[in-house]
Student: 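I'd like to ask you about the structure that follows.
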There are 2 protein chains.
Amino acid sequence: MNQDYIEPLPQIDELDEKILRLITKNARIPFLEVARECGVSGAAIHQRVQRLLNLGVISGSEFVVNPAKLGYNTCAYMGVYLEKAKFHTQVAEALRKIPEIVECHYTTGQYAIFVKIQTKTNKHLKKLIDEELQEIEGIARTETFISLEMDFKRQVAIK
Amino acid sequence: MNQDYIEPLPQIDELDEKILRLITKNARIPFLEVARECGVSGAAIHQRVQRLLNLGVISGSEFVVNPAKLGYNTCAYMGVYLEKAKFHTQVAEALRKIPEIVECHYTTGQYAIFVKIQTKTNKHLKKLIDEELQEIEGIARTETFISLEMDFKRQVAIK
DNA sequence: TGTGAAATCATGATGTA
DNA sequence: TACATCATGATTTCACA
(Lines give C-alpha, C1' and ligand atoms only; values in the text may rest on other atoms or scores of the structure.)
Protein backbone atom coordinates (compact mmCIF):
# COMPACT_ATOMS: atom_id res chain seq x y z
CA MET A 1 0.00 0.00 0.00
CA ASN A 2 1.22 3.44 -0.82
CA GLN A 3 -0.74 6.38 0.48
CA ASP A 4 1.27 8.96 -1.42
CA TYR A 5 -0.04 10.63 -4.51
CA ILE A 6 2.68 10.70 -7.12
CA GLU A 7 2.31 13.02 -10.05
CA PRO A 8 3.27 11.53 -13.42
CA LEU A 9 6.93 12.20 -14.15
CA PRO A 10 8.27 13.53 -17.42
CA GLN A 11 10.96 11.46 -19.06
CA ILE A 12 14.28 12.95 -18.05
CA ASP A 13 17.37 11.35 -19.51
CA GLU A 14 20.99 11.74 -18.55
CA LEU A 15 21.54 14.64 -20.92
CA ASP A 16 18.63 16.49 -19.32
CA GLU A 17 20.12 15.84 -15.90
CA LYS A 18 23.51 17.13 -16.95
CA ILE A 19 21.89 20.25 -18.38
CA LEU A 20 19.87 20.74 -15.21
CA ARG A 21 22.92 20.39 -13.01
CA LEU A 22 24.64 23.15 -14.96
CA ILE A 23 21.81 25.65 -15.39
CA THR A 24 20.42 25.33 -11.86
CA LYS A 25 23.77 26.50 -10.53
CA ASN A 26 24.23 29.31 -13.04
CA ALA A 27 21.28 30.53 -15.08
CA ARG A 28 23.50 32.82 -17.20
CA ILE A 29 25.83 30.09 -18.41
CA PRO A 30 25.99 30.31 -22.22
CA PHE A 31 24.08 27.41 -23.76
CA LEU A 32 27.06 26.89 -26.06
CA GLU A 33 29.22 26.21 -23.03
CA VAL A 34 26.65 23.71 -21.77
CA ALA A 35 26.70 22.23 -25.27
CA ARG A 36 30.48 21.82 -25.22
CA GLU A 37 30.38 20.15 -21.81
CA CYS A 38 27.70 17.77 -23.02
CA GLY A 39 29.16 17.08 -26.46
CA VAL A 40 26.10 18.22 -28.40
CA SER A 41 25.17 21.31 -30.39
CA GLY A 42 23.99 24.60 -28.92
CA ALA A 43 20.64 24.23 -30.60
CA ALA A 44 20.13 20.89 -28.89
CA ILE A 45 20.61 22.52 -25.50
CA HIS A 46 18.28 25.30 -26.48
CA GLN A 47 15.58 22.80 -27.45
CA ARG A 48 16.08 20.72 -24.31
CA VAL A 49 15.82 23.74 -22.03
CA GLN A 50 12.67 24.82 -23.86
CA ARG A 51 11.22 21.36 -23.38
CA LEU A 52 12.10 21.32 -19.67
CA LEU A 53 10.35 24.68 -19.32
CA ASN A 54 7.28 23.40 -21.18
CA LEU A 55 7.16 20.31 -18.99
CA GLY A 56 7.39 22.48 -15.88
CA VAL A 57 10.55 20.74 -14.69
CA ILE A 58 12.03 24.22 -14.46
CA SER A 59 9.74 27.15 -13.86
CA GLY A 60 12.08 29.95 -14.84
CA SER A 61 15.28 31.56 -13.69
CA GLU A 62 16.28 34.21 -11.17
CA PHE A 63 19.18 36.15 -9.79
CA VAL A 64 19.35 35.37 -6.08
CA VAL A 65 19.34 38.39 -3.79
CA ASN A 66 21.03 38.49 -0.39
CA PRO A 67 18.37 40.04 1.86
CA ALA A 68 20.91 41.30 4.41
CA LYS A 69 22.53 43.49 1.76
CA LEU A 70 19.20 45.22 1.25
CA GLY A 71 18.76 45.80 4.96
CA TYR A 72 16.67 42.70 5.66
CA ASN A 73 18.61 41.30 8.58
CA THR A 74 15.95 39.23 10.30
CA CYS A 75 14.71 35.92 8.95
CA ALA A 76 12.02 34.06 10.83
CA TYR A 77 9.70 31.11 10.52
CA MET A 78 6.21 31.32 11.94
CA GLY A 79 3.53 28.75 12.61
CA VAL A 80 -0.03 30.03 12.39
CA TYR A 81 -2.96 28.67 14.41
CA LEU A 82 -6.37 29.33 12.87
CA GLU A 83 -9.63 29.93 14.73
CA LYS A 84 -11.38 27.62 12.33
CA ALA A 85 -9.86 25.37 9.68
CA LYS A 86 -12.08 26.86 7.00
CA PHE A 87 -10.27 30.22 7.32
CA HIS A 88 -7.39 28.62 5.45
CA THR A 89 -7.77 30.37 2.17
CA GLN A 90 -8.70 33.83 3.31
CA VAL A 91 -5.80 33.89 5.76
CA ALA A 92 -3.38 32.78 3.05
CA GLU A 93 -4.70 35.54 0.81
CA ALA A 94 -4.15 38.12 3.53
CA LEU A 95 -0.63 36.79 4.11
CA ARG A 96 0.17 37.05 0.43
CA LYS A 97 -0.48 40.79 0.60
CA ILE A 98 2.29 41.24 3.15
CA PRO A 99 5.54 41.51 1.18
CA GLU A 100 7.70 40.52 4.14
CA ILE A 101 6.14 37.06 4.00
CA VAL A 102 8.23 35.31 1.40
CA GLU A 103 6.91 31.77 1.61
CA CYS A 104 3.62 30.26 2.75
CA HIS A 105 2.62 26.61 3.15
CA TYR A 106 -0.43 24.72 4.29
CA THR A 107 0.87 22.19 6.77
CA THR A 108 -0.03 19.18 8.87
CA GLY A 109 0.79 19.01 12.56
CA GLN A 110 0.26 21.70 15.12
CA TYR A 111 0.10 24.60 12.68
CA ALA A 112 -2.39 25.04 9.86
CA ILE A 113 -0.19 27.47 8.00
CA PHE A 114 3.54 27.92 8.09
CA VAL A 115 5.38 30.95 6.72
CA LYS A 116 8.86 32.35 6.23
CA ILE A 117 9.37 36.03 6.95
CA GLN A 118 12.09 38.54 6.06
CA THR A 119 12.15 41.80 7.99
CA LYS A 120 14.68 44.57 8.41
CA THR A 121 15.11 44.11 12.14
CA ASN A 122 13.70 42.15 15.07
CA LYS A 123 11.76 45.27 15.94
CA HIS A 124 10.29 45.35 12.46
CA LEU A 125 9.30 41.69 12.89
CA LYS A 126 7.60 42.37 16.21
CA LYS A 127 5.74 45.28 14.70
CA LEU A 128 4.65 43.15 11.76
CA ILE A 129 3.33 40.46 14.08
CA ASP A 130 1.57 42.89 16.41
CA GLU A 131 0.12 45.24 13.86
CA GLU A 132 -0.46 43.19 10.76
CA LEU A 133 -0.59 39.47 11.47
CA GLN A 134 -2.59 39.47 14.69
CA GLU A 135 -5.14 41.66 12.93
CA ILE A 136 -5.85 39.14 10.21
CA GLU A 137 -9.36 37.72 10.52
CA GLY A 138 -9.12 34.01 11.26
CA ILE A 139 -5.67 33.87 12.86
CA ALA A 140 -5.90 32.66 16.46
CA ARG A 141 -2.25 32.99 17.37
CA THR A 142 1.25 32.51 16.01
CA GLU A 143 4.54 31.02 17.10
CA THR A 144 7.78 32.45 15.83
CA PHE A 145 11.32 31.11 15.51
CA ILE A 146 13.98 33.54 14.48
CA SER A 147 16.80 32.26 12.34
CA LEU A 148 20.07 33.29 13.98
CA GLU A 149 22.02 32.18 10.96
CA MET A 150 21.31 30.33 7.78
CA ASP A 151 23.80 27.49 7.59
CA PHE A 152 22.99 26.45 4.01
CA LYS A 153 20.36 26.55 1.29
CA ARG A 154 20.23 24.65 -2.00
CA GLN A 155 17.86 23.16 -4.51
CA VAL A 156 16.81 19.55 -4.56
CA ALA A 157 19.68 17.42 -5.94
CA ILE A 158 19.51 16.30 -9.57
CA LYS A 159 20.12 12.55 -9.41
CA MET B 1 17.94 51.40 22.09
CA ASN B 2 18.27 49.05 19.22
CA GLN B 3 19.41 45.52 19.93
CA ASP B 4 19.69 44.57 16.29
CA TYR B 5 23.00 44.27 14.53
CA ILE B 6 22.74 45.87 11.13
CA GLU B 7 25.37 45.08 8.56
CA PRO B 8 26.63 48.08 6.57
CA LEU B 9 24.57 48.52 3.43
CA PRO B 10 25.99 49.05 -0.03
CA GLN B 11 24.78 52.12 -1.86
CA ILE B 12 21.95 51.01 -4.10
CA ASP B 13 20.39 53.67 -6.28
CA GLU B 14 17.15 53.60 -8.22
CA LEU B 15 18.81 52.22 -11.32
CA ASP B 16 20.21 49.32 -9.30
CA GLU B 17 16.76 48.66 -7.90
CA LYS B 18 15.17 48.67 -11.30
CA ILE B 19 17.83 46.26 -12.57
CA LEU B 20 17.31 44.02 -9.55
CA ARG B 21 13.57 43.93 -10.05
CA LEU B 22 14.07 42.73 -13.62
CA ILE B 23 16.87 40.21 -13.19
CA THR B 24 15.51 38.61 -10.02
CA LYS B 25 12.38 37.62 -11.92
CA ASN B 26 14.21 36.40 -15.04
CA ALA B 27 17.92 35.73 -14.94
CA ARG B 28 18.10 35.14 -18.70
CA ILE B 29 16.64 38.49 -19.66
CA PRO B 30 19.02 40.09 -22.19
CA PHE B 31 20.93 42.91 -20.51
CA LEU B 32 20.18 44.99 -23.60
CA GLU B 33 16.48 44.67 -22.85
CA VAL B 34 17.12 45.78 -19.28
CA ALA B 35 19.16 48.64 -20.74
CA ARG B 36 16.32 49.77 -22.98
CA GLU B 37 13.86 49.68 -20.08
CA CYS B 38 16.24 51.75 -18.01
CA GLY B 39 17.35 54.14 -20.75
CA VAL B 40 21.08 53.35 -20.49
CA SER B 41 23.56 51.28 -22.49
CA GLY B 42 23.86 47.53 -22.30
CA ALA B 43 27.39 47.76 -20.98
CA ALA B 44 26.17 49.93 -18.13
CA ILE B 45 23.80 47.16 -17.07
CA HIS B 46 26.58 44.63 -17.41
CA GLN B 47 28.84 46.65 -15.11
CA ARG B 48 26.09 47.31 -12.60
CA VAL B 49 25.24 43.63 -12.38
CA GLN B 50 28.94 42.85 -11.94
CA ARG B 51 29.12 45.40 -9.14
CA LEU B 52 26.03 43.99 -7.43
CA LEU B 53 27.67 40.56 -7.60
CA ASN B 54 30.91 41.90 -6.14
CA LEU B 55 29.02 43.62 -3.34
CA GLY B 56 27.18 40.37 -2.58
CA VAL B 57 23.79 41.97 -3.15
CA ILE B 58 23.17 39.13 -5.57
CA SER B 59 24.97 35.86 -5.05
CA GLY B 60 24.41 34.34 -8.48
CA SER B 61 21.63 33.04 -10.66
CA GLU B 62 19.74 29.80 -11.03
CA PHE B 63 17.11 28.02 -13.00
CA VAL B 64 14.40 27.04 -10.53
CA VAL B 65 13.51 23.36 -10.52
CA ASN B 66 10.07 22.04 -9.61
CA PRO B 67 10.85 19.19 -7.20
CA ALA B 68 7.56 17.39 -7.91
CA LYS B 69 8.53 16.96 -11.55
CA LEU B 70 11.63 15.11 -10.44
CA GLY B 71 9.63 12.83 -8.17
CA TYR B 72 10.13 14.83 -4.98
CA ASN B 73 6.52 15.08 -3.84
CA THR B 74 6.97 15.61 -0.12
CA CYS B 75 8.14 18.89 1.40
CA ALA B 76 8.54 19.15 5.15
CA TYR B 77 9.90 21.42 7.83
CA MET B 78 11.58 19.96 10.85
CA GLY B 79 12.64 21.38 14.19
CA VAL B 80 15.64 19.70 15.79
CA TYR B 81 16.24 19.43 19.55
CA LEU B 82 19.86 18.93 20.54
CA GLU B 83 21.16 16.94 23.50
CA LYS B 84 23.58 19.74 24.26
CA ALA B 85 23.76 23.19 22.71
CA LYS B 86 27.42 22.70 21.85
CA PHE B 87 26.50 19.99 19.33
CA HIS B 88 25.32 22.77 17.03
CA THR B 89 28.05 22.67 14.49
CA GLN B 90 28.64 18.96 14.22
CA VAL B 91 24.92 18.34 13.78
CA ALA B 92 24.70 20.98 11.07
CA GLU B 93 27.64 19.37 9.31
CA ALA B 94 25.96 15.98 9.42
CA LEU B 95 22.74 17.52 8.09
CA ARG B 96 24.60 19.12 5.21
CA LYS B 97 25.66 15.67 4.03
CA ILE B 98 22.04 14.62 3.56
CA PRO B 99 21.00 15.88 0.12
CA GLU B 100 17.29 15.79 0.95
CA ILE B 101 17.89 18.58 3.47
CA VAL B 102 17.71 21.67 1.32
CA GLU B 103 17.88 24.40 3.94
CA CYS B 104 19.28 24.60 7.47
CA HIS B 105 19.07 27.40 10.04
CA TYR B 106 20.21 27.93 13.58
CA THR B 107 17.17 29.24 15.40
CA THR B 108 15.91 30.73 18.63
CA GLY B 109 12.87 29.34 20.40
CA GLN B 110 12.10 25.71 21.08
CA TYR B 111 14.35 24.31 18.36
CA ALA B 112 18.08 24.77 18.06
CA ILE B 113 18.13 23.92 14.39
CA PHE B 114 15.42 24.16 11.81
CA VAL B 115 15.51 22.50 8.40
CA LYS B 116 13.55 22.15 5.21
CA ILE B 117 13.39 18.72 3.62
CA GLN B 118 12.43 17.44 0.15
CA THR B 119 11.76 13.74 -0.20
CA LYS B 120 10.14 11.60 -2.87
CA THR B 121 7.28 10.37 -0.69
CA ASN B 122 6.05 10.49 2.89
CA LYS B 123 7.49 7.01 3.27
CA HIS B 124 10.86 8.26 2.09
CA LEU B 125 10.62 11.07 4.66
CA LYS B 126 9.83 8.65 7.47
CA LYS B 127 12.72 6.45 6.43
CA LEU B 128 15.05 9.45 6.33
CA ILE B 129 14.01 10.50 9.83
CA ASP B 130 14.22 6.99 11.29
CA GLU B 131 17.40 5.84 9.62
CA GLU B 132 19.47 8.95 9.07
CA LEU B 133 18.41 11.81 11.29
CA GLN B 134 17.79 9.97 14.53
CA GLU B 135 21.21 8.41 14.12
CA ILE B 136 23.05 11.71 14.10
CA GLU B 137 25.17 12.16 17.21
CA GLY B 138 23.79 15.10 19.21
CA ILE B 139 20.19 15.12 17.99
CA ALA B 140 17.80 14.47 20.86
CA ARG B 141 14.57 14.47 18.89
CA THR B 142 12.83 16.12 16.01
CA GLU B 143 9.40 17.52 15.21
CA THR B 144 8.12 17.48 11.67
CA PHE B 145 5.46 19.43 9.79
CA ILE B 146 4.62 18.27 6.32
CA SER B 147 3.70 20.91 3.77
CA LEU B 148 0.42 19.84 2.18
CA GLU B 149 0.72 22.56 -0.39
CA MET B 150 2.98 25.51 -1.03
CA ASP B 151 0.75 28.53 -1.44
CA PHE B 152 3.47 30.92 -2.61
CA LYS B 153 7.21 31.58 -2.60
CA ARG B 154 9.08 34.71 -3.64
CA GLN B 155 12.20 36.70 -2.93
CA VAL B 156 12.35 39.68 -0.62
CA ALA B 157 10.78 42.69 -2.33
CA ILE B 158 13.09 45.29 -3.88
CA LYS B 159 11.91 48.59 -2.43
C1' DT C 1 30.24 55.52 -15.38
C1' DG C 2 29.42 55.34 -19.99
C1' DT C 3 30.14 54.34 -25.24
C1' DG C 4 31.12 51.66 -29.29
C1' DA C 5 33.21 47.85 -31.89
C1' DA C 6 34.83 43.01 -32.05
C1' DA C 7 33.95 38.55 -30.42
C1' DT C 8 30.58 35.55 -28.95
C1' DC C 9 26.05 33.81 -28.52
C1' DA C 10 20.90 32.68 -29.23
C1' DT C 11 17.60 31.12 -32.13
C1' DG C 12 14.87 29.61 -36.09
C1' DA C 13 14.80 27.07 -40.52
C1' DT C 14 16.06 23.10 -42.76
C1' DG C 15 17.81 18.48 -43.53
C1' DT C 16 18.83 13.86 -41.75
C1' DA C 17 18.83 9.55 -39.14
C1' DT D 1 11.37 12.57 -32.38
C1' DA D 2 15.80 14.39 -31.45
C1' DC D 3 19.64 16.34 -33.22
C1' DA D 4 23.34 18.90 -36.40
C1' DT D 5 24.33 22.50 -39.29
C1' DC D 6 24.01 26.95 -40.86
C1' DA D 7 22.67 31.91 -41.26
C1' DT D 8 21.44 36.07 -39.11
C1' DG D 9 20.54 39.20 -35.84
C1' DA D 10 21.24 40.13 -30.99
C1' DT D 11 24.16 40.20 -27.04
C1' DT D 12 28.28 40.26 -24.25
C1' DT D 13 32.51 42.10 -23.29
C1' DC D 14 36.57 44.97 -23.36
C1' DA D 15 39.42 48.89 -24.49
C1' DC D 16 39.01 53.52 -24.12
C1' DA D 17 36.95 58.14 -23.34
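Quick note on labels: first sequence line is chain A, next is B, and so on, each numbered from 1. Since the structure is predicted, the reported quantities are computational estimates derived from the model, not experimental observations.
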Student: Protein-nucleotides 5-7 of chain C N/O pairs closer than 3.5 Å?
Tutor:
none

Student: Would you say D:dT5 has OP1 or OP2 under 4.0 Å from some side-chain N or O of A:S41?
Tutor: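 So the side chain of A:S41 is outside the cut-off, no N or O lying under 4.0 Å from OP1 or OP2 of D:dT5.
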Student: Is B:M150 isolated, or which residues cluster with it under the ILVMFWY side-chain rule of less than 4.5 Å, directly or via members?
Tutor: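 Members besides B:M150: none; it forms no cluster.
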Student: Taking salt bridge (charged side-chain N to carboxylate O under 4.0 Å, His left out) as the test, write out the residues that go with B:R141, two or more places apart.
Tutor: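 B:R141: salt bridge (charged side-chain N to carboxylate O under 4.0 Å, His left out) contacts with B:E143.
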Student: Is there a residue in residues 11-37 of chain A whose heavy atoms reach under 4.0 Å of DNA chain D, and which residues are they?
Tutor: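 Heavy-atom cutoff 4.0 Å gives A:L15, A:R28.
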Student: Is it true that B:E103 and A:K116 have a side-chain N and a carboxylate O under 4.0 angstrom from each other?
Tutor: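 A:K116 and B:E103: salt-bridged.
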Student: State whether the side chain of A:R36 and the backbone N or O of A:G42 hold a donor-acceptor pair below 3.5 Å, judged by distance alone.
Tutor: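 No; judged by distance alone, with no hydrogens or angles, the pair does not exist.
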Student: Taking the six-membered ring of B:F31, is NZ or CZ of A:R28 closer than 6.0 Å to its centre and within 45° of its axis?
Tutor: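 Cation-pi check for A:R28 and B:F31: passes.
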Student: With each end axis built from five pairs of C1' atoms, what bend angle do you get for the helix from C:dT1-D:dA17 to C:dA17-D:dT1? Round to 10°.
Tutor: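 Inter-axis angle at the termini of the helix from C:dT1-D:dA17 to C:dA17-D:dT1: 40°.
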Student: If the condition is side chain to side chain donor-acceptor pair (under 3.5 Å), which residues does B:R51 pass it with, not counting sequence neighbours?
Tutor: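 For B:R51, the residues satisfying side chain to side chain donor-acceptor pair (under 3.5 Å) (neighbours in sequence not counted) are B:D16.
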Student: Main chain of B:K18, side chain of B:E37: is a donor-acceptor contact present, judged purely on distance under 3.5 Å?
Tutor: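 No, the answer is negative, given that no donor and acceptor are paired below the 3.5 Å cut-off.
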Student: Excluding sequence neighbours, so at least two apart, what forms side chain to side chain donor-acceptor pair (under 3.5 Å) with B:R96?
Tutor: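 Expected list: A:D151.
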Student: Can you list, in residue-number order, the parts of residues 45-56 of chain B that come under 4.0 Å of DNA chain C, counting heavy atoms only?
Tutor: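 Contacting residues: B:Q47.
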Student: Sub-3.5 Å donor-acceptor pair from the side chain of A:Q155 to the main-chain atoms of B:V65, do we have one?
Tutor: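 It does hold such a pair.
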Student: Who are the ring pair (Phe, Tyr, Trp, His ring centres under 6.0 Å) partners of A:F152, not counting sequence neighbours?
Tutor: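 So A:F152 forms no ring pair (Phe, Tyr, Trp, His ring centres under 6.0 Å) with any residue.
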Student: Return the set of residues passing ring pair (Phe, Tyr, Trp, His ring centres under 6.0 Å) with A:F145 (not counting sequence neighbours), or none when no residue passes.
Tutor: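 In terms of ring pair (Phe, Tyr, Trp, His ring centres under 6.0 Å), with neighbours along the sequence ignored, A:F145 is linked to B:Y111, B:F114.
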Student: What residues, two or more places apart in sequence or in another chain, satisfy side chain to side chain donor-acceptor pair (under 3.5 Å) together with B:K25?
Tutor: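 Side chain to side chain donor-acceptor pair (under 3.5 Å) check on B:K25 returns nothing, list empty.
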Student: Checking contacts here: which listed nucleotide (D:dT13, C:dG2, D:dC3) is nearest the side-chain heavy atoms of A:A44?
Tutor: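 Among D:dT13, C:dG2, D:dC3, the one nearest the side chain of A:A44 is D:dC3.
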Student: With ring pair (Phe, Tyr, Trp, His ring centres under 6.0 Å) as the rule and sequence neighbours excluded, what pairs involving residues 82-106 of chain A come up?
Tutor: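 Listed by first then second residue: A:H88-A:Y106, A:H105-B:Y77.
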